[in-house]
Amino acid sequence: MEYPEGIKSMPLMEKLGILADAAKYDVACTSSGVDRKGDGAGLGNCVAGGICHSFASDGRCISLLKILLTNECIYDCKYCKNRCSNDVPRATFTPVEICTLTMEFYRRNYIEGLFLSSGIWKSPTFTMELIYRTIWLLRNRYHFRGYIHVKAIPGADGELIRRLGYLVDRMSVNLELPTAEGLRALAPNKHRKNILAPMRMIQNGIQESRNELAVYGNTPRFVSGGQSTQMIIGATPESDYQILNVAQSLYEKFALKRVFYSAFVRVNDDACLPALPGGPPLLREHRLYQADWLLRFYGFRAEELLDENRPFFNVMLDPKEDWAVRHLEQFPVEINKAPYEKLLRVPGIGVKSAQRIVAARRKANLNFGDLKKIGVVLKRAVYFITCCGRMMYPVKLDEDYIVRNLTDAQERIRFGSDGMSYRQMSLFDDGAFGRPPKPEEQLQAALGQL
């Protein structure tokens, strides 16, 4: 294989091991919101709905090929394993190698699509051009019609980002850290203005594409799955209140589909980084995701959930429970009369169960047995609701009393271990093999020759 200038020759599986491992800290890869049927001439299709990120050792699809184009980088971000000052193995895929891996993995039913990010090699525009060349080949020469999510590189030529937007399903630009102060402290080569510029460009391209589609009908779609971003949580001292306000602002100003929160993992020994004696702040990440859900689907505002006097979430309660016990003047809610918007604010009632309640009570008054069948989590909701004017049990509307009951021993089990891990599974986890596979066997498996 002929290698472009500057790309070192290296066994393909060795590159895959380096660049798949280097991509594991990037969590912003879902595929929700895209439907594209195969056209009969190409390979694959894309079905709306979230898909996972990696592979299991037994060959099950989990289901994106999640890799970096390169882990070479000209930047020296203090939190990043691939920073230029680190002595780590370096590798770079050629565009043809990425296309080959994607097609062969898809044919073997390992993946449904590709998630491609990259370090910054030589310059943002040089890196973006390599990414564009890769995706163009995958769509036009290899005729791949599956899902593709690509990271846009801040500072790259805007024309490359515009062209790429017509080839991919989703694009994302990593915010990296919640505030400009955090960037200055830990990522001095990156600037908030450079990060927000491609976000705005993608937002405008999506809107223009929708307008053209409405006027002219069947026109090319620009980033049809929308854009997202990622923030690292716990590397800098921002409060949950600050982080949630940043997320809310991004949703409102840039029409983002998702903001992802990545618990900081200390991979570098640097005095500027927090020590994290308890490990990555996974529970805090979990609470931020729950709060983010409340912003997007439940009608909450960041300033309702937290404020400057209470800038952090109570780790023992989920954000909706925490809000409810601090606003007991709004409870109890009468299930048979309350508007939909008020039902959504009751702990234990989700979007689907609230919709079912509104539909079912048109025919008859609901009781607690009906609510259980509908899907309401009564062990949380029981403190905040009435049915036909009566509570299920004698309950005091007292904050301490309710908090004690919500956080008893059985409830604490729910939060004691969230089962999350920042380790990305590998295509060849050792646990499934009597002996580690040889490099030539790995290459044969990846290319469908076994």
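All residue numbers in this chain count up from 1 along the given sequence. The model shown is predicted, which means the values in this text are computed figures rather than measured ones.
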- Task: Decide yes or no on side chain to side chain contact (heavy atoms under 4.5 Å, CB included) for I131 and M128, but give the supporting numbers first.
- Result: CA-CA 5 Å; I131 291 174; M128 200 79 247; 4.0 Å; yes
- Message: Hydrogens and angles aside, do S85 and D76 bring a side-chain donor and acceptor to less than 3.5 Å of each other?
- Response: yes
- Here the pair of heavy atoms bringing P154 nearest to A152 is CD-O, 3.3 Å
- Message: Taking the basic N atoms (NZ, or NE/NH1/NH2) and the acidic carboxylate oxygens, is any pair closer than 4.0 Å for R345 and E304?
- Response: yes
- Query: Does V325 offer a backbone N or O that forms a donor-acceptor pair with the side chain of Y383 under 3.5 Å?
  - Reply: no
- Classify the angle between the aromatic ring planes of H327 and W323 as parallel (below 30°), tilted (30 to 60°) or perpendicular (above 60°). parallel
- Item | Exercise: identify the closest heavy-atom pair between I148 and D169 | N-OD2, 2.8 Å
- Grab the two heavy atoms, one from L343 and one from V333, that are nearest each other, plus how far apart they are. CD2-CG1, 4.2 Å
- Query: CD of E252: more than 12 outside heavy atoms within 6.0 angstrom?
  - Reply: yes
- Query: Does L16 reach the side chain of F93, with side-chain heavy atoms less than 4.5 Å apart?
  - Reply: yes
- Which pair of non-hydrogen atoms, one from R287 and one from M316, has the smallest distance, and what is that distance? NH2-C, 4.1 Å
- Item | Flag, side chain of T102 to backbone of I98, donor-acceptor distance under 3.5 Å | yes
- Expected output: side-chain Q248 to main-chain R301 donor-acceptor under 3.5 Å: no
- Do NZ/NE/NH1/NH2 and the carboxylate oxygens of E159 and R163 come within less than 4.0 Å? yes
- Could you pull out the closest heavy-atom pair between P198 and N194, with the gap in Å? CD-O, 2.8 Å
- Evaluate the criterion side chain to side chain contact (heavy atoms under 4.5 Å, CB included) for residue pair L344 and F297; output intermediate values, then yes/no. CA-CA 9 Å; L344 284 179; F297 299 111; over 6 Å; no
- Message: Keeping K320 on the side-chain end and I349 on the backbone end, is there a donor-acceptor pair under 3.5 Å?
- Response: yes
- Query: Of the non-hydrogen atoms in F222 and Y166, which two are nearest, and what is the gap between them?
  - Reply: CD1-CE1, 3.6 Å
- Is it the case that T179 and E238 place a side-chain donor and acceptor less than 3.5 Å from each other? yes
- Message: Whether D270 and R83 form a salt bridge (side-chain N of Lys/Arg under 4.0 Å from carboxylate O of Asp/Glu) is what I want to check.
- Response: yes
- Cation over ring face, R200 and F254, 6.0 Å, 45°: yes
- Query: Within 45 degrees of the axis of the six-membered ring of F313 and under 6.0 Å from its centre: does R284 put its NZ or CZ there?
  - Reply: no
- Please step through side chain to side chain contact (heavy atoms under 4.5 Å, CB included) for the pair I402 and L406, ending with a clear verdict. CA-CA 6 Å; I402 295 174; L406 287 173; 3.7 Å; yes
